[in-house]
There are 4 protein chains.
Amino acid sequence: MRITVAEHPCGRLSDAWRFAVGTGRFELALRRDYQDSLALIQREIGFRHIRGHGLFSDGVGVHRPYDYRGERHVRHAFTYLDQVVDAYLELGIRPFLELGFMPADLASGDQTVFWWRGNVTPPRSHTEWADLVRATVGHLVDRYGLAEVRGWPIEVWNEPDLTDFWQDADAGAYHRLYEVTAHAVKEVDAELQVGGPALSPGAGDDWLPRFAEFVTDRSVPVDFVSRHAYTSGPAQHVPFGVHQTLAPAARLLEQFASPRQQLAGTPLAELPVHVTEFNSSYRPDNPIHDTAFHAAYLAPVLAGGGDLVDSFAYWTFSDMFEEQGVPTTLFHGGFGLLTHRQIKKPTYHLYAFMSRLGDQVLARGADHLVTRDDSGRVTVLAWAPVDVTGRDPVDGHTVRLSLPVAPARTAFLLRSSVSEEAGNAWRAWCELGRPASPTAYQLDLLRTAAEPARRHASLPVVAGRVELDLHLTRHEVTLAEVTPVTDETPPWWDERRLFGREPS
Amino acid sequence: MRITVAEHPCGRLSDAWRFAVGTGRFELALRRDYQDSLALIQREIGFRHIRGHGLFSDGVGVHRPYDYRGERHVRHAFTYLDQVVDAYLELGIRPFLELGFMPADLASGDQTVFWWRGNVTPPRSHTEWADLVRATVGHLVDRYGLAEVRGWPIEVWNEPDLTDFWQDADAGAYHRLYEVTAHAVKEVDAELQVGGPALSPGAGDDWLPRFAEFVTDRSVPVDFVSRHAYTSGPAQHVPFGVHQTLAPAARLLEQFASPRQQLAGTPLAELPVHVTEFNSSYRPDNPIHDTAFHAAYLAPVLAGGGDLVDSFAYWTFSDMFEEQGVPTTLFHGGFGLLTHRQIKKPTYHLYAFMSRLGDQVLARGADHLVTRDDSGRVTVLAWAPVDVTGRDPVDGHTVRLSLPVAPARTAFLLRSSVSEEAGNAWRAWCELGRPASPTAYQLDLLRTAAEPARRHASLPVVAGRVELDLHLTRHEVTLAEVTPVTDETPPWWDERRLFGREPS
Amino acid sequence: MRITVAEHPCGRLSDAWRFAVGTGRFELALRRDYQDSLALIQREIGFRHIRGHGLFSDGVGVHRPYDYRGERHVRHAFTYLDQVVDAYLELGIRPFLELGFMPADLASGDQTVFWWRGNVTPPRSHTEWADLVRATVGHLVDRYGLAEVRGWPIEVWNEPDLTDFWQDADAGAYHRLYEVTAHAVKEVDAELQVGGPALSPGAGDDWLPRFAEFVTDRSVPVDFVSRHAYTSGPAQHVPFGVHQTLAPAARLLEQFASPRQQLAGTPLAELPVHVTEFNSSYRPDNPIHDTAFHAAYLAPVLAGGGDLVDSFAYWTFSDMFEEQGVPTTLFHGGFGLLTHRQIKKPTYHLYAFMSRLGDQVLARGADHLVTRDDSGRVTVLAWAPVDVTGRDPVDGHTVRLSLPVAPARTAFLLRSSVSEEAGNAWRAWCELGRPASPTAYQLDLLRTAAEPARRHASLPVVAGRVELDLHLTRHEVTLAEVTPVTDETPPWWDERRLFGREPS
Amino acid sequence: MRITVAEHPCGRLSDAWRFAVGTGRFELALRRDYQDSLALIQREIGFRHIRGHGLFSDGVGVHRPYDYRGERHVRHAFTYLDQVVDAYLELGIRPFLELGFMPADLASGDQTVFWWRGNVTPPRSHTEWADLVRATVGHLVDRYGLAEVRGWPIEVWNEPDLTDFWQDADAGAYHRLYEVTAHAVKEVDAELQVGGPALSPGAGDDWLPRFAEFVTDRSVPVDFVSRHAYTSGPAQHVPFGVHQTLAPAARLLEQFASPRQQLAGTPLAELPVHVTEFNSSYRPDNPIHDTAFHAAYLAPVLAGGGDLVDSFAYWTFSDMFEEQGVPTTLFHGGFGLLTHRQIKKPTYHLYAFMSRLGDQVLARGADHLVTRDDSGRVTVLAWAPVDVTGRDPVDGHTVRLSLPVAPARTAFLLRSSVSEEAGNAWRAWCELGRPASPTAYQLDLLRTAAEPARRHASLPVVAGRVELDLHLTRHEVTLAEVTPVTDETPPWWDERRLFGREPS
């Protein structure tokens with residue numbers, strides 16, 4: 001069945017898919033591979049904000065107590081904070097600040113999370129914590145200007161509903177932290193945007209309503225609410241990795257939708273909702289992240305998520321990420337759109353394809369999204385259905401469209417695809433024998449293999465329409481760019497004369 | 001029929017194909033597009049020397065007579081010469097000097113060639129010409145060092161057998177110029193390499209023997225002999241272009257071979273032979289240069305030319321070339337491997353494929369060349385046969401090879417192809433309606449379309465051999481890189497668990 | 001006498017000094033040295049527009065007649081136009097279009113100007129000329145957008161009052177050309193800005209009034225008026241150069257002022273006035289351009305010109321300029337702010353100093369200009385008086401100022417100077433023996449010598465004021481940047497302990 | 001008194017001063033500021049090797065035990081090792097490998113050193129340690145080639161004579177570690193260069209003889225011996241810093257000389273000696289490192305150290321160094337030649353000056369070193385004497401030289417200086433109020449202030465000699481480059497005509 005796409009837009013494509021992206025801990029941003037990767041991503045995708053953990057962890061060195069003349073003082077030091085934020089702004093991306101974890105010298109306990117030991121206990125002094133927040137946010141305002149920093153959302157802590165991330169998952173302690181923090185932020189400037197509670201997918205349904213109740217009752221400022229979304233089952237461990245079952249991608253969209261449902265009727269009902277992390281698996285060592293399947297799996301989420309929330313941030317842009325320690329092989333199931341050394345994974349291309357869409361939505365479907373931009377170019381993102389069990393993979397699927405184009409006799413089609421066969425560096429890496437430490441030549445092969453397959457064609461335009469049949473192979477995600485052609489061929493051109501044949 | 005490629009090399013691949021490349025007139029090298037193009041080519045191909053016309057033409061400004069106190073003096077000015085040669089050396093390429101054309105103030109007549117008016121008349125003072133040569137070569141030696149400049153061949157004039165390039169095609173006048181020039185060069189340093197006579201394909205068979213006789217009789221130094229090779233018929237003009245018939249590519253190899261044949265038995269018989277220009281058509285406005293046909297047509301020439309001569313220089317590396325004036329459209333039949341703005345033509349890829357071959361030749365054939373490098377990688381260049389009349393194009397052709405590889409269970413294949421469909425920016429440009437001045441978006445499309453099709457696969461190695469079937473489409477040139485694989489897959493890897501299925 | 005600078009601004013510093021800059025002929029912009037030079041200048045100075053001759057000369061290849069089926073047609077080709085304008089916009093500068101000279105195939109005569117032979121005769125067909133203008137401007141609008149091109153002034157021809165630049169300096173013929181051209185521009189879009197008549201300093205006083213009368217009488221569109229300004233006397237020739245007397249710099253300001261005076265009372269009285277070329281000497285081979293004198297001579301012009309006109313464009317930004325042929329030595333008296341290979345001349349620094357001024361003018365004087373920016377930084381440009389005869393050079397001069405600064409105990413002073421001794425690459429080049437073709441080491445020395453002398457100091461702030469004494473040596477131009485200091489020195493700092501002395 | 005420098009060289013300047021440089025812990029090399037800093041240093045100084053701690057510490061992630069089917073295995077992972085060494089080689093510098101500290105999972109205890117917690121206990125399994133060494137060195141040989149890695153010295157551990165760096169400073173345990181390690185290295189290849197014992201300045205005089213005795217008795221391979229050199233007294237703590245007394249610089253040269261003295265008569269007497277760390281203070285928070293004093297203090301060490309040892313490595317090239325945690329202010333007394341963000345300290349320039357010396361030594365003295373290179377350029381490094389107590393600083397000092405130069409009438413002098421006033425970014429930073437987190441404008445000021453003062457002059461050459469008087473201010477280090485001039489001034493040049501005066 002061919003779908004006839006209407007000429008008039010049925011909506012606009014929101015920026016929610018690119019509003020934010022996740023990153024490994026804060027000071028990793030000092031690394032060159034990190035910055036090179038982010039530069040590439042900004043050039044080809046263009047996220048607006050970046051969010052990660054560890055701003056206040058000891059590796060960034062902000063909170064620095066010292067003794068002078070027998071008294072305790074605290075110096076707030078922004079050496080690395082400035083280096084990182086300067087780099088972000090140069091790269092055209094802005095912070096989505098997450099305030100955490102706890103500086104060791106301010107912590108009330110010694111529980112840590114991750115290989116890099118982020119302290120997840122409440123402050124032993126809420127006053128000193130408030131000073132830290134105020135000093136940091138104030139410094140950012142001084143350095144980058146109030147107009148700039150007002151555009152950076154400020155989130156309080158991460159997944160306080162999990163014992164791994166907040167000691168005892170103590171909601172009351174979180175509420176207190178939130179209150180102190182929100183006020184400290186607003187003391188710097190009342191229009192700064194503060195929010196939370198950055199819940200994990202496992203948070204009980206009452207977490208958010210209780211948070212709403214708390215802030216309402218106590219008139220605590222809140223400018224947005226946030227949560228996370230993941231779809232994987234329990235980790236089955238193998239050395240240096242895990243395997244997990246996955247729920248269908250629709251489950252992600254349901255998680256996106258839940259905050260508005262849970263807050264309906266509360267004073268927070270109209271607030272922006274940010275999904276400050278999402279992915280399939282929450283593990284940085286699940287090879288599913290590296291696959292072509294993963295791009296096809298997430299395609300409908302990217303295409304449709306913007307209808308449900310103000311942002312949803314892919315966790316994370318790069319494999320330069322060390323929650324489980326230093327990766328031991330190039331591909332290792334990391335979250336990254338890019339591996340170390342900037343090899344593009346299929347999901348990278350899904351994002352790159354999204355960035356080439358127009359902002360007028362002409363049609364949406366279970367396997368496609370059709371847009372147009374102001375120049376008249378029509379762009380189709382289409383994807384093959386997937387089976388999350390891996391048992392019944394879909395090996396052929398066709399999307400048939402009739403597209404409206406501007407007056408012309410022909411249109412130029414550029415089609416770009418990633419699939420099991422194409423734009424799939426992981427597959428090439430497997431074929432290369434899974435080299436832990438690829439040589440320069442192997443890295444070059446992988447970069448080549450990582451590029452999408454491209455083909456172009458001249459399509460006839462009949463009655464203002466192009467008929468486009470997109471045949472998709474297993475796990476394929478494809479972008480079709482259709483541009484009406486202005487023909488400048490001169491009247492004397494005769495292809496038959498190319499080889500010197502005299503004109504007849 | 002499958003060809004079983006022997007394990008032991010049957011020869012070495014010479015550097016003749018990359019020893020030199022042609023360029024538009026000297027001062028075009030001051031341009032940014034030129035230098036950007038050359039940088040790209042050096043990165044991906046890597047020529048050793050570069051040769052073009054016009055070193056002594058007025059646009060370079062070397063020969064500068066002036067009056068002082070009533071007398072004529074000449075200043076030799078190297079402002080642009082230095083800028084160009086500095087740039088060449090930074091780009092990793094060295095001059096192949098061509099001494100010509102005539103400075104207007106030193107010319108005996110006013111006949112010029114090309115839109116840019118190179119003067120092609122003998123000097124009115126051979127003394128002043130000798131001064132010019134000596135001063136220029138001497139300056140180069142001072143600036144770049146004797147060891148460096150001794151490696152730059154120095155050719156005297158261009159195609160003196162044609163009335164367009166040398167007034168009256170006067171052999172006697174050329175011999176005199178050659179003699180004066182060769183001596184002037186050797187006065188700077190006896191080990192500098194000087195040669196000629198840079199004959200056109202139309203030179204009579206006696207031109208070279210007479211040149212040999214002249215230099216022998218008068219003991220004139222000569223370190224190499226040079227000629228050009230082209231295969232096109234007469235120009236059939238259309239606005240801003242020509243069409244021409246083409247002789248088969250074998251005719252180029254015959255032209256390569258002729259100097260050694262003609263000089264057999266003379267004292268010049270053992271000298272290096274440089275084909276200082278070659279191409280199909282000698283016109284910079286014949287669209288054949290832009291086609292996939294052109295790569296397939298020249299493939300056997302690149303594969304085999306090194307057996308016949310010491311170098312053969314593709315005329316020219318870039319469309320930044322103005323013999324017929326400023327090009328009016330992006331694709332216009334220029335000689336370039338690259339268009340303006342660095343769009344790669346199919347013939348560019350033929351050269352880039354050559355640069356990835358190993359230096360051990362394992363097999364040669366009418367449609368293939370098999371090599372290996374020291375790392376054990378086996379590389380196959382294969383090409384489809386072509387029909388130069390365009391009447392009976394070959395639409396399918398298969399090369400079947402049994403390749404010897406180092407011990408391994410599998411080999412990784414990367415195959416790169418250009419053809420009518422792939423790596424063919426000209427085809428995409430035609431489909432875009434032949435835009436004279438492409439927009440930024442169109443240029444981006446063309447750069448994408450210009451990349452070869454790539455595919456990779458894992459091939460079984462059986463008894464130290466890989467069976468490789470290369471199916472070639474019309475005008476296809478393909479490069480297959482075959483690398484034996486070291487398998488680092490850990491014992492616990494089980495692809496069936498990718499989607500979280502419990503191990504059985 | 002110390003000048004007490006008031007705290008409240010007396011005006012704003014206009015952008016007229018940086019609104020435009022001159023360049024050599026249009027296609028020189030294709031060169032790498034040109035683009036590298038412009039990139040440097042945009043980074044450190046930041047001009048808004050760039051203007052030069054030769055857009056329609058044959059080297060750019062726009063006007064391309066051809067015969068097809070026995071009839072004359074014209075193709076308008078934008079190959080190089082696009083390359084140049086694309087490059088300009090990437091470098092952050094916009095065209096100030098000058099429409100001229102005449103394409104050879106459209107010219108009514110063969111009179112040319114300059115070594116590069118710009119044709120200066122009227123069109124043989126005003127219709128074909130109008131087509132050329134319309135096609136070119138229309139193409140620019142298509143490619144860069146109407147909003148963008150409306151910001152580019154469009155000037156008709158260059159110095160039609162001189163026989164060198166316009167055959168017979170025929171005012172009537174110019175008026176006709178202007179009329180045809182202005183209408184052609186406005187046919188593309190009525191809000192495009194067209195103007196003229198780009199008069200030389202030697203134009204009689206009635207030229208502009210007659211032009212005003214002509215356009216008024218015939219209702220010809222005119223959006224701005226333009227003229228040039230130079231102060232040099234007749235050329236005294238030496239080989240490869242000239243010497244000329246100079247009038248005082250005040251004469252330049254008088255020339256700037258004249259169009260408004262001449263147009264007072266006419267309908268053109270309120271139009272913007274652009275000085276589309278100015279310099280001391282109008283010769284590209286007068287060494288005065290290379291000197292420290294030149295910066296001090298022009299300093300009051302840059303400081304004050306913006307009060308008189310909407311722009312005044314230094315002729316030219318680079319020595320990559322070929323009106324008199326290819327320069328024979330690195331320094332050769334070219335117009336450039338930069339030599340070939342980007343050696344900065346003293347006048348370059350005058351412009352770079354201007355670019356660091358704030359936009360609030362606090363004080364102006366015969367030897368100084370004091371500004372402040374929004375951050376509170378106070379900036380002083382000061383210059384030594386000069387003697388244009390060279391007979392009585394001023395060897396010492398002091399500017400004493402009392403500057404208002406924001407509350408602080410100290411201020412940081414950075415002072416940058418160029419003078420006979422400092423920031424004077426030409427002097428270093430003379431000391432090096434005037435090498436025509438400097439070696440890499442010499443170029444490195446020259447780049448080092450070209451940097452201004454810098455010194456910094458801590459100045460006391462007393463009652464909100466800093467007392468600043470600027471002693472100037474011969475031909476010195478200096479920039480003093482004064483920034484109030486926030487002292488973060490910790491209480492425990494004791495410089496006496498630097499070498500380990502125990503605290504007392 | 002003027003020193004007459006002889007024309008004939010009295011020796012060659014060895015490369016010992018640039019053979020190696022120190023760095024913060026291994027994985028800091030992944031950072032961008034680190035790599036940018038190293039790139040700058042390689043461009044302007046050019047070290048050969050780089051050495052730092054922590055190759056085997058957990059942040060690099062090499063030693064990775066895991067359980068599989070109930071058994072312990074170890075994976076050796078080179079993800080970051082490769083990224084770092086790839087970067088080093090791209091930057092033109094090679095590793096000087098230091099094997100240490102102990103991976104936590106291989107350690108016998110939990111004693112650590114530094115903020116970043118390097119484990120300093122012996123391995124709990126010498127077999128597993130030997131595997132780690134063999135696997136790592138073997139991997140490097142595989143990846144970079146044997147010829148390359150044979151050029152990298154391999155040092156066993158760091159300062160085993162200190163309890164901070166080696167548990168209990170147990171010499172016997174070190175000897176055992178050395179033996180196991182040296183054999184493991186030689187198993188990979190017998191020509192790899194292994195050595196130790198990397199002693200601290202505080203090691204007793206018998207440490208090295210006992211090491212020599214141990215390796216001799218047990219025939220343990222040793223290719224070089226190594227020690228460290230520092231001159232500071234005990235740390236006097238203030239918040240975020242220390243002060244220390246300093247011994248005169250001659251004490252460093254004595255430390256350099258001691259290994260050869262201590263090993264005289266042993267079988268190790270002829271081995272290369274590497275001072276693998278040296279500096280004034282061994283603390284990364286002593287502001288003395290940032291001063292102009294420091295450059296003058298070390299000048300005689302750099303000038304003379306190469307006579308005593310094969311290398312002496314400045315500890316360290318960059319302030320990107322975290323032994324005491326993240327620095328809290330831009331200048332903080334770090335070891336670096338560069339601060340974070342590449343502000344050059346005075347000692348940076350001392351090294352940059354050294355890199356411009358020729359390799360023929362013409363004269364040496366207590367305050368100068370005179371060299372010449374093959375082009376004939378004579379280069380003088382001179383320095384002011386210093387007082388290490390800071391009580392009697394030397395405020396004026398003159399070095400008078402008579403220098404031999406090639407035949408010429410004049411010579412060009414370029415003089416570059418750092419001193420209290422010039423090239424002293426730390427002084428500027430103090431004047432700016434010691435901003436902890438400088439703004440972009442302040443960083444720009446600091447970069448400007450960090451450049452040496454430069455002046456140039458034309459000096460007369462009389463009888464093949466230039467008389468050079470170098471007046472030095474407090475803590476000045478100066479470089480004078482003297483180049484004989486070839487005068488190309490044309491006969492018609494008359495400076496009096498510059499302003500247009502007619503010739504007389």
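Just so it is clear, the values below take in all heavy atoms, side chains as well, and ignore hydrogens, waters and symmetry mates. None of the values given here were measured: they were computed from a predicted structure. Throughout, a chain's letter reflects where its sequence line sits, starting with A, and its residues are numbered from 1.
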task: Heavy-atom pairs under 4.5 Å with chain C are the metric here; pick the option from D:Ala453, D:Ala457, D:Ser416, D:Gly241 that has the most.
output: D:Ala457
- request: Indicate yes or no for a side-chain donor-acceptor contact from C:Glu488 to the backbone of D:Ala436 under 3.5 Å, with no hydrogens or angles considered.
  value: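 Looks like yes, one N/O pair under 3.5 Å.
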Rounded to the nearest 0.5 Å, how far does [atom2] of [Y] lie from [atom1] of [X]?
{"X": "C:Glu421", "Y": "D:His456", "atom1": "CD", "atom2": "NE2", "answer": "7.5 Å"}
{"X": "D:Gln244", "Y": "C:Leu498", "atom1": "CD", "atom2": "CG", "answer": "11.5 Å"}
{"X": "D:Tyr441", "Y": "C:Asp373", "atom1": "OH", "atom2": "CG", "answer": "8.0 Å"}
{"X": "D:Leu432", "Y": "C:Phe412", "atom1": "CG", "atom2": "CZ", "answer": "4.5 Å"}
{"X": "D:Glu481", "Y": "C:Thr448", "atom1": "CD", "atom2": "OG1", "answer": "8.5 Å"}
{"X": "C:His243", "Y": "D:Glu495", "atom1": "NE2", "atom2": "CD", "answer": "9.5 Å"}

Trace of the side chain to side chain contact (heavy atoms under 4.5 Å, CB included) decision for D:Val238 with C:Arg497: CA-CA 10 Å; D:Val238 295; C:Arg497 297 187 62 188; 3.5 Å; yes
message: Once you measure the plane-to-plane angle for C:Phe293 and D:Phe499, does it fall in the parallel (<30°), tilted (30-60°) or perpendicular (>60°) bin?
response: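 C:Phe293 and D:Phe499: perpendicular rings.
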message: For D:Phe240 and C:Trp492, take the angle between the two ring planes, folded into 0 to 90°, and tell me which bin it lands in: parallel under 30, tilted 30 to 60, perpendicular over 60.
response: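 The rings of D:Phe240 and C:Trp492 sit tilted, inter-plane angle from 30° to 60°.
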- prompt: Checking C:Arg409 against chain D: side chain, backbone, both or neither under 4.5 Å from a heavy atom?
  reply: neither
query: By a 4.5 Å heavy-atom criterion (distance strictly below it), what part of D:Thr291 contacts chain C: side chain, backbone, both, or neither?
result: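 Side chain only.
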task: Using a cut-off of under 4.5 Å on heavy-atom pairs, state which of C:Thr489, C:Thr329, C:Val242 scores highest against chain D.
output: C:Thr489
